Amino acid sequence: MSRIGWLVMPRAAGLLAAAGFVVGALLANNLQAQNGNCNFGGGNRVGGVTIDAQGALSSPDESMRKDIVAAMRTRHNEPRKELNLPVEMRRVSLRRLDEALAAAKEGTAEKVADELRFLAGIQRIQYVLVYPDENDIVLAGPGEGWKVDEGTNIIGVTTGRPVIRLEDLLIALRSAEEARQGGISCSIDPTPEGRRNLEAFLAKQRTFNPAVLVGVKEALGPQEITLKGVPPTSHFARILVSSDFHMKRIAMKLDPSPLKELPSFIDMLKTENSKVTDLMPRWWMACNYLPVGRSADGLGFEIRGRGVKVLTEDEAVDGGAVRGTGKANPVAQKWADLMTEHYDELSLREPAFGELRNIMDLCVVSALIAKEGLLEKAGCQLPTLMGANSPLGVIEYPAPKTVETQTSSLKRGREYIITASGGVDINSWEVADKTEIRPEVAAVHAKAKPAKDLQTVWAN
């Protein structure tokens, strides 16, 4: 399972007993942003990160941000008045969407009109509604108009929440079988060789000085990025990686936390009296849903819950190998619980976290469509969205492969801590397996039924 963590080295190693420093090691920022293809929404800058042609991940070069924002705002027109209005229930017809995409005859999802590309500004998928008489499946949830913010994100004009993207819907629908077989995940991990080099380096140290931090970075070397279940060149994959990247940087205090309610893990270690020696408190983001509500006739489904939670487990390292302990350090657990509790507010301040929840919603939707046989129930075919021979693709980015190690430090008694790895784990089929009948879903299904003469992809 893919996670993010901290490695606490034994006190017996000379430096560790003498130095009295906690050290976080992770993710250097030494690469330049690439302008790339602005039709994709920011070139190689997605989710607040950049990835170069060799697959190296880094924070973006701020000197290019204004130019990218200007280019994106030129590319994306302001939505028409009816779409700018914030509503609690915006409905998107998958049948009409498929037909509109086929008629557009564009090569990639990023080149279609913004109303299609941003799914009419819908910001969360709350309901999946099946209408056999119309041969249609409707996705419904809150929506509004959209804009390009100063960070190159596409967000709602009033709420600031990121909108759901067509390219992510495509990947989720087309990856449903991969998600069923092994889930969708990403992880950022030091190599076994890097861990062994680090242990050997620390064993030789007797005093703490800035050169030690340089040595830690050189010993660990580039960390590897692993993606499973989705194309690594997709926007979807970049959101998995960028959300993990931002979680790491907040935990390590490499970036300031957007919320005062979520201090860094390093700051929490200053005040908490919890031992972490010889363990690796690790965190990872996973699905966080209540049982899916369903109508008695199986034609309406409600996706409920926060969407994302942060989990933690202590692990130990020996000779470069990592093993789980089945236990959680109290401070690490508190940090995980705080991020889970404040995830909604955090997603407003850092859109990468909102986009992560969006793609988790899409994965649950795709699992429900496949598991419940909703296309068959609706008598609906989606050859452009899901067909094996569909001409509609997504623009490909360089796949994220590595990220350099970076260090930060803080004095705390006799302990010495090194960050090790991280990630995201999406088990959407497990969510789709848990349903319960809720009468109110049937009421929503009846109210949201599309008109027979509906000619547009979306409706309020």
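From a predicted model like this one, the values you see are computed outputs, not experimental measurements. Start at 1 with the first residue, then count along the sequence.
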> What are the two closest non-hydrogen atoms of Leu346 and Leu259, and how far apart are they?
Replying inline: N-CD1, 3.6 Å

> Sub-3.5 Å donor-acceptor pair from the side chain of Trp335 to the main-chain atoms of Pro263, do we have one?
Replying inline: yes

>> Could you go through Arg73 and Glu150, starting from their C-alpha distance and side-chain angles, then the distance that decides it, and tell me whether this counts as salt bridge (charged side-chain N to carboxylate O under 4.0 Å, His left out)?
In response: CA-CA 10 Å; Arg73 287 175 176 169; Glu150 292 298 327; 3.2 Å; yes

> So does Lys371 have more than 12 non-hydrogen atoms from other groups sitting under 6.0 Å from NZ?
Replying inline: yes

> Nearest 0.5 Å, what's the CG-NZ distance between Leu392 and Lys111?
Replying inline: 11.0 Å

>> The criterion is salt bridge (charged side-chain N to carboxylate O under 4.0 Å, His left out); which residues satisfy it with Asp168, sequence neighbours excluded?
In response: none

>> Between Glu404 and Lys217 (salt bridge meaning N to carboxylate O under 4.0 Å), is one present in this structure?
In response: no

> Can you name the residues that form a salt bridge (charged side-chain N to carboxylate O under 4.0 Å, His left out) with Arg90, not counting sequence neighbours?
Replying inline: none

> In Å, rounded to the nearest 0.5 Å, how long is the span from SG of Cys363 to CD1 of Ile125?
Replying inline: 12.0 Å

> Hey, does Met285 have a side-chain heavy atom less than 4.5 Å from the side chain of Asp425?
Replying inline: no

>> Rounded to the nearest 0.5 Å, what separates atom NZ in Lys309 from atom CE in Met360?
In response: 10.0 Å

> Between Glu167 and Phe236, does a side chain to side chain contact (heavy atoms under 4.5 Å, CB included) hold up when you go through it step by step?
Replying inline: CA-CA 8 Å; Glu167 54 261 43; Phe236 192 114; over 6 Å; no

> Under 4.5 Å between any side-chain heavy atoms of Ile303 and Leu290, yes or no?
Replying inline: no

> So which heavy atom on Leu83 is nearest to which on Pro79, and how close?
Replying inline: CB-CB, 4.1 Å

>> To the nearest 0.5 Å, what is the distance between CG on Leu368 and OG1 on Thr435?
In response: 8.5 Å

> For Gln223, which of Thr402, Asp189, Thr191, Thr405 qualifies under side chain to side chain donor-acceptor pair (under 3.5 Å)?
Replying inline: Thr405

> His235 and Ile395: side chain to side chain contact (heavy atoms under 4.5 Å, CB included), yes or no, with the steps?
Replying inline: CA-CA 8 Å; His235 175 270; Ile395 289 179; over 6 Å; no

> Do the side chains of Ile171 and Pro231 get nearer than 4.5 Å, heavy atoms only?
Replying inline: yes

> Which distance, rounded to the nearest 0.5 Å, do you find between the OG of Ser175 and the NZ of Lys228?
Replying inline: 15.0 Å

>> Side chains of Glu144 and Thr159 only: does a donor on one sit below 3.5 Å from an acceptor on the other?
In response: yes

> With the threshold set at 4.0 Å, does a side-chain nitrogen-carboxylate oxygen contact exist between Glu436 and Arg304?
Replying inline: yes

> What pairs meet the salt bridge (Lys or Arg N to Asp or Glu O under 4.0 Å) rule with one or both residues in residues 173-183, with sequence neighbours excluded?
Replying inline: Glu177-Arg180

>> Just to verify, what does Arg306 make a salt bridge (charged side-chain N to carboxylate O under 4.0 Å, His left out) with, not counting sequence neighbours?
In response: none

> Applying salt bridge (Lys or Arg N to Asp or Glu O under 4.0 Å), which residue pairs with at least one partner in residues 357-367 are found, sequence neighbours left out?
Replying inline: Arg124-Asp361, Asp344-Arg357

> What residue among Thr233, Ile188, Val241 forms side-chain contact (heavy atoms from CB on, under 4.5 Å) with Pro400?
Replying inline: Val241

> Within the distance-only criterion (no hydrogens, no angle test), does the side chain of Ser347 pair as donor or acceptor with the backbone N or O of Gly354 below 3.5 angstrom?
Replying inline: no

>> Glu78: which residues meet the side chain to side chain contact (heavy atoms under 4.5 Å, CB included) condition with it, sequence neighbours left out?
In response: Asn84

>> Leu356 vs Tyr343, test: side chain to side chain contact (heavy atoms under 4.5 Å, CB included). Steps then yes/no.
In response: CA-CA 11 Å; Leu356 175 66; Tyr343 194 89; 3.5 Å; yes

> How long is the gap from CD1 on Ile250 to CG on Asp255, to the nearest 0.5 Å?
Replying inline: 7.0 Å

> For Leu240, does its backbone N or O pair with a side-chain atom of Ser243 as donor and acceptor, under 3.5 Å?
Replying inline: yes

> What are the two closest heavy atoms between Ala109 and Arg117, and how far apart are they?
Replying inline: O-CG, 3.8 Å

>> Determine whether the aromatic ring centres of residues Phe118 and Trp146 are separated by less than 6.0 angstrom.
In response: yes

> If only atom types and distance count, is the side chain of Ser257 paired as donor or acceptor with the main-chain N or O of Leu262 below 3.5 Å?
Replying inline: yes

> Is it true that atom CD of Glu261 has more than 12 heavy atoms of other residues, nucleotides or ligands lying nearer than 6.0 Å?
Replying inline: yes

> Given the rule in the side chain to side chain contact (heavy atoms under 4.5 Å, CB included) test, do Ile137 and Leu375 qualify, once you have shown the distances and angles that lead to the verdict?
Replying inline: CA-CA 8 Å; Ile137 297 174; Leu375 291 176; 3.7 Å; yes

> With a cut-off of 6.0 Å (strictly less than), are more than 12 heavy atoms of other residues, nucleotides or ligands near CD of Glu88?
Replying inline: no

> What's the shortest heavy-atom distance between Val69 and Asp149, and which atoms?
Replying inline: CG2-O, 3.8 Å

>> On a heavy-atom basis, which atom in Glu110 and which in Arg75 lie closest, and how many Å separate them?
In response: O-NH2, 2.9 Å

> Donor-acceptor pair, Glu350 side chain versus Ala352 backbone, under 3.5 Å?
Replying inline: yes

> Looking only at heavy atoms, what is the nearest atom pair of Ser264 and Ala251, with distance?
Replying inline: CB-O, 3.5 Å

